[in-house]
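Scroll down for the structure; my scribbles are underneath it.
Letters go in sequence order (proteins before strands), and every chain restarts at 1.
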Amino acid sequence: MPHELPKSYEPGAIETHWAEYWVKEKLFSVPTPGPGEKRPVFTLLLPPPNVTGRLHMGHMLNQTQMDIIVRWHRMRGFVTLWLPGTDHAGIATQMMVEKQLESEGIKRRELGREKFIERVWEWKKHYGGAILDQMKRLGASVDWDRLYFTMDENLSRAVREVFVRLYEEGLIYRGKYIVNWCPWHGTAISDLEVKHEEVAGKLWDIRYPVIGSSEFITVATTRPETMLGDTAVAVNPKDERYLHLHGKKVLLPLMKREIPIITDELAQPEFGTGAVKVTPAHDPNDFAAGKRHDLPQIDVMDEHAHMNQNAGVYAGLDRFEARKRVLEDLRKQGFLVAEKDYKLALGKCDRCGTVIEPRLSEQWFVKIKPLAERAKRAVENGEITIVPDNFRQIYLNWMANIYDWCISRQLWWGHRIPAWTCAKCQHVTVVRETPLTCDRCGSTELEQVPDVLDTWFSSGLLPFTTLGWPEKTRDLEVFYPNTLMITGFDILFFWLARMIMFGCHFMQGHRQDAAIKNASGEGEKGDDSVPFRHVYIHALVRDAERQKMSKTKGNVLDPLEVIERFGTDATRFTLAAMAAPGTDIAFNEGRTDGYRAFANKIWNAARFMFMNVDRLEDSQRSLASVQAMWGQPPKPVFSLELGARPEQSPGSLRAGVLGFTAVTLEDHWILSRFNRVAADVNAALETYRFHEAANRIYDFFWGEFCDWYLELIKPRLQRAEPHNKLARLAAGEDMDKISTELEAELAELREEVGPERMADAERKTEQAIRLYEERRATRRAGWRENEFGNAMANIRDVVAADREMSATACKNLVSLFDASLRLLHPVMPFITEEIWQAMYEGQAPLKSIALAAYPQADEKQFDLAAETEMSILQDLIVNVRNLRAELKVESKLKVPIEVFVHEPEIRTMIEHNRGAVERLANVEKVTFVEGSLAKLAGSRSTSRFDVHVVHERKIDVAAECERLKKELEKIEKELANNQKQLGNEQFRAKAPAHVVEGLGKRGQELLVLREKTQSKLRELGCA
RNA sequence: GGGCGGUUAGCUCAGCUGGUUAGAGCGCCUGCCUUACAAGCAGGAGGUCGCAGGUUCGAGUCCUGCACUGCCCACCA
């Protein structure tokens, strides 16, 4: 069946088709392996995107890398689970829905909590799947049957379980502390959600009058409005300037409140005046000092950072407005002594950019140190490895300096804290399910605490809650610990660290099945409580100018748009090829365009392959009809059978190049090269060097497979071609055409196959034509009669032998293509699937290439000799091409060349492959000569051969001199360096043998090259 | 204030554990529509590897300092 493929690759329809197919066929759904499963398990949790999210480049990078690793494992025979889900994303979702309501003129608070939550669920039902659809377009091979949502009932139950257990263990506590408060969101947020930004601010010196004296004490502040809540002034106890003021009081300006002067380490003598105002309700340090001195806490603001009734006349003002007014009033009243420029790190809300207000409020906290210690150990002692290595240290530092985690949020959307306050005794009951009575007084007047949990609290549990915890499920047994976690460093602390803390705490000694434990192999340590064994931290995707992508800058690249333009495969390839561990990716579309070209290259190579398959099948049919004519049984039609494929068990032995028969030099060479690539790619993926894997395949496929191998096998492939026509004509009915066509065929036959080899066939064909001509002259019919038939029969052996040669070459081509597709599949899943499926014309042995075996290197197929010979041949060809260009020989003109080769075996090798030289360098005839050609103008030399292009056009002597001089200079320089090193006793003694040997060899080459270059320079009479 | 990265061709980047001639893509120049591919083919130009020292037989690669640049962390007024 002819393969009709369009001339250039159009990814759009092909990609959506396979994306749908993969999902529909449930190719990546993993049933839970039962006991006795011997295959190793690979588990990866998708960092759940926010339900509100739209796919961005970061996701795409993350998912591409995960998908590459996942597909690679799957093809190597692992039980491979990639578990997808979405995150309820507390604040983000709440805001989204709130905005939607506002557009309908509805306020959240008017709607009420319950109704609002209903609306959120409704929203989720409609829009929450958008990002998942986008993921499908990327080809992410996740198990869609296991899709979860962090607010699913079973996950919620697990969250409550965790909360209650931690509470019972004393690791969760409740209390009134200073927290980071976002006045815009109206909720507490964690330290991590505060971004510090350096801004040019002011430092104001304010003097407070000391009571009972005419003295003032001057304090410095960046936030004068908080003075309204001052409850003391602190000086350092050792500060001699203030010894006389110890125990005195000051009168707080504006508020006219008497507040004490206290002595506390809070005040550092070196800073400013050494005296500091103390505002326990608005600053964490002051809060601590206030505790030490039992100071009152006066909160002067409300939840939206407007001044409250405690702020006296300033009540109702926004905090910044209040600052202005306070300063104005202080100035008027003579309390403001100085105003200086001051650089300060202003804390802003990560989400909305509002300046954070440290606020005193009742919140819930996780006592983090005990959890952190275990989590730190897990990384320290190698239970978890982190790549790149530097993140390990960052992680450990963070763990060592960690503070308690504020987990309560004043929001509506999220996991509600399972705590109920008693109206009667104020006691708080913490239980898994809604309680009927108060723990302490038995009252039934209970009200659930309105707060919800930080989103990261539930995400931190996902490695085990998604597998069924707290039940002891088989899934947990098999898939926990996960094998790998791939994520960006931006959520290293938010998420990764918390997963490790929670996992280590809740999953101690969970795994019972030794078989599973062994199968996951690789010398693991610890008690299987860690959430995952390996962590790979990927870089940030920036724009082409290295800027961080952000909505406000408007430089956000929409991956779907990029995909639209270049295709998913090309986009994936870009991300993979640019992802060197540890460095950010400046996404640059030029690269993507280049990889689109690569896809096109693959596509066209496939067209070439199909063309030859068709040709061969055609030839087979023609031959068969001729054979039938001769009364011989036809041979079986060429087929793509590459040997039995391992059904559902990739990773088995048949992973390499299947059904390949190395006949010629280029066969041995390409087989060797393929195996090296396979070795390199596997090694690269093992260490997350995606760029290396991608580039290696690219270079192989384009630079070796297409540029050289395909070109080299063309004559063999096309050998069947002339016979096709011959045979068709011989069997055909249209007798009028035969004569002329037969003659044309004959000419073509000579051209294609070469005179020596086809002499016999040619002679016979000529004979056939003559016979035919005779017969036509007498009577029209009867050409099938014996004489002609016999003549045709005589050429059949030649024809059959050539067809056989073509068949082998074609089979090799197909086999190599198949292996290359499998090698490339994890990076470019779509185009590889499309071509692979086309190769089997709907008869593929597996449902998808994604289930086929990943190529593994076979060292026995490394062939150094073939590689060396091939590189000499390539050298020769390139030198001839180079000379042709230099001589400006018309590109179509075939030129004769002369070659001098010193080593006889290399000469023999070139002789054997002279056809290749003739074809690829457009050479008419290769003549071997006995003496050096190095001096000749129009020649090129390497240390192994001289080659001379015979052509009347002479080279530009001046330019040639220039070139030679430059070359000589380079040679001299390298030679000098070479001799210096070889002459160095230390080097000979200390350097490894192969280096010394290699240098020696190179030295010899350089000497030869120098000699040749010099003699040519002399000959040309260069100055 | 601490910590971490980057600096290699005009541009974007590779170059793993120090080892023979520093690579690729894009761009540029020259010639080709050669029946897989002009999104292509062939050939070419272009680099004192940020600067200065040091270790070593040997440094783009390791160490120190400096410069520029980016990022993360941080409750000092």
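One P atom belongs to B/G2, the other to B/C28, and the distance between them is 48 Å to the nearest Å. Rounded to the nearest Å, the gap between the P atom of B/G10 and that of B/G47 is 7 Å. Atom name P, nucleotides B/G60 and B/C16: the rounded distance is 12 Å, in whole Å. Distance noted for atom C1' between B/G50 and B/U61: 16 Å (whole Å). Nucleotides B/C62 and B/U7, compared at atom P, are 11 Å apart to the nearest Å. Rounded to whole Å, the separation between the C1' atoms of B/A39 and B/G6 comes to 33 Å. Rounded to whole Å, the separation between the P atoms of B/G65 and B/U21 comes to 31 Å. Comparing the same atom, P, in B/C71 and in B/C26 gives a spacing of 31 Å after rounding to whole Å.
In terms of phosphate contacts, A/K966 brings a side-chain nitrogen or oxygen within less than 4.0 Å of OP1 or OP2 of B/G46. Dashed line: the shortest gap from a side-chain N or O of A/N390 to OP1 or OP2 of B/G5 is not under 4.0 Å. OP1 or OP2 of B/U35 has not a single side-chain nitrogen or oxygen of A/K714 nearer than 4.0 Å. In this structure, A/W702 does not reach the B/A36 phosphate: none of its side-chain N or O atoms is under 4.0 Å from OP1 or OP2. Put simply, A/H691 has a side-chain N or O that comes within less than 4.0 Å of OP1 or OP2 on B/G15. The shortest distance between the side-chain N/O atoms of A/R591 and the OP1/OP2 oxygens of B/U12 is not below 4.0 Å. For A/K7, a side-chain nitrogen or oxygen approaches OP1 or OP2 of B/A38 to under 4.0 Å. Close to B/G19, at under 4.0 Å from its OP1 or OP2, lies no side-chain N or O of A/K990.
Backbone-only contact: A/T221 has heavy atoms under 4.0 Å from sugar-phosphate atoms and none from a base. A/V878 comes within 4.0 angstrom of the backbone, heavy atoms only, and of no base. Using a 4.0 Å heavy-atom cutoff across all strands shown, A/N285 reaches at least one base atom of the nucleic acid.
The aromatic rings of A/Y688 and A/Y536 sit parallel, their planes meeting at an angle under 30°, below the 60° perpendicular limit. Between A/F489 and A/F391, the ring planes lie parallel to each other; the angle is under 30°, not in the 30° to 60° tilted range.
Picking from B/C37, B/A42, B/C32 the nucleotide with the shortest atom distance to the side chain of A/S891 gives B/C32. Here the side chain of A/Y698 is nearest to one of B/C72, B/G19, B/G25, namely B/G25. Of the candidate nucleotides B/A42, B/A36, B/G19, B/A36 has the atom lying nearest to any side-chain atom of A/C706. Taking only side-chain atoms of A/R607, from C-beta outward, the nucleotide of B/U12, B/A39, B/A36 with the closest atom is B/A36. Across B/A39, B/A36, B/C57, the shortest atom-to-atom separation from the side chain of A/R596 is found for B/A39. Across B/C71, B/G19, B/U20, the shortest atom-to-atom separation from the side chain of A/F489 is found for B/C71.
For A/K601 against B/C37, a side-chain N or O and a base N or O form a donor-acceptor pair under 3.5 Å. At a cut-off of 3.5 angstrom, the base of B/C37 holds no donor-acceptor pair with the side chain of A/Y9. One can find a donor-acceptor pair under 3.5 Å joining the base of B/C16 and the side-chain atoms of A/R689. For B/C57, its base never sits under 3.5 Å from the side chain of A/N984 at any donor and acceptor pair.
Pairing for B/U20 is absent, judged as Watson-Crick or G-U wobble with the two contacts each under 3.5 Å. Pairing for B/U34 is absent, judged as Watson-Crick or G-U wobble with the two contacts each under 3.5 Å. Base pairing analysis places B/U61 opposite nothing; no Watson-Crick or G-U wobble pair with both distances below 3.5 Å involves it. Using N1 to N3 plus N6-O4 or O6-N4 for Watson-Crick, or N1-O2 and O6-N3 for G-U wobble, each under 3.5 Å, B/C73 pairs with B/G1. In this entry B/C66 has B/G50 as its Watson-Crick or G-U wobble partner, both defining distances falling under 3.5 Å. Across all strands shown, B/G25 forms a Watson-Crick or G-U wobble pair with B/C11, both key distances being under 3.5 Å.
With values rounded to the nearest 0.5 angstrom, A/E357 atom CD is found 10.0 Å from A/D283 atom CG.
Judged by distance alone, with hydrogens and angles left aside, the side-chain atoms of A/D350 form no donor-acceptor pair with the main-chain N or O of A/V194 at under 3.5 Å. No donor-acceptor pair closer than 3.5 Å links the side chain of A/E692 to the backbone N or O of A/R689. A distance-only check finds no donor-acceptor pair linking the side chain of A/N922 to the backbone of A/E918 [under 3.5 Å].
A/E967 and A/R963 are joined by a salt bridge, as a carboxylate oxygen and a charged side-chain nitrogen come within less than 4.0 angstrom of each other.
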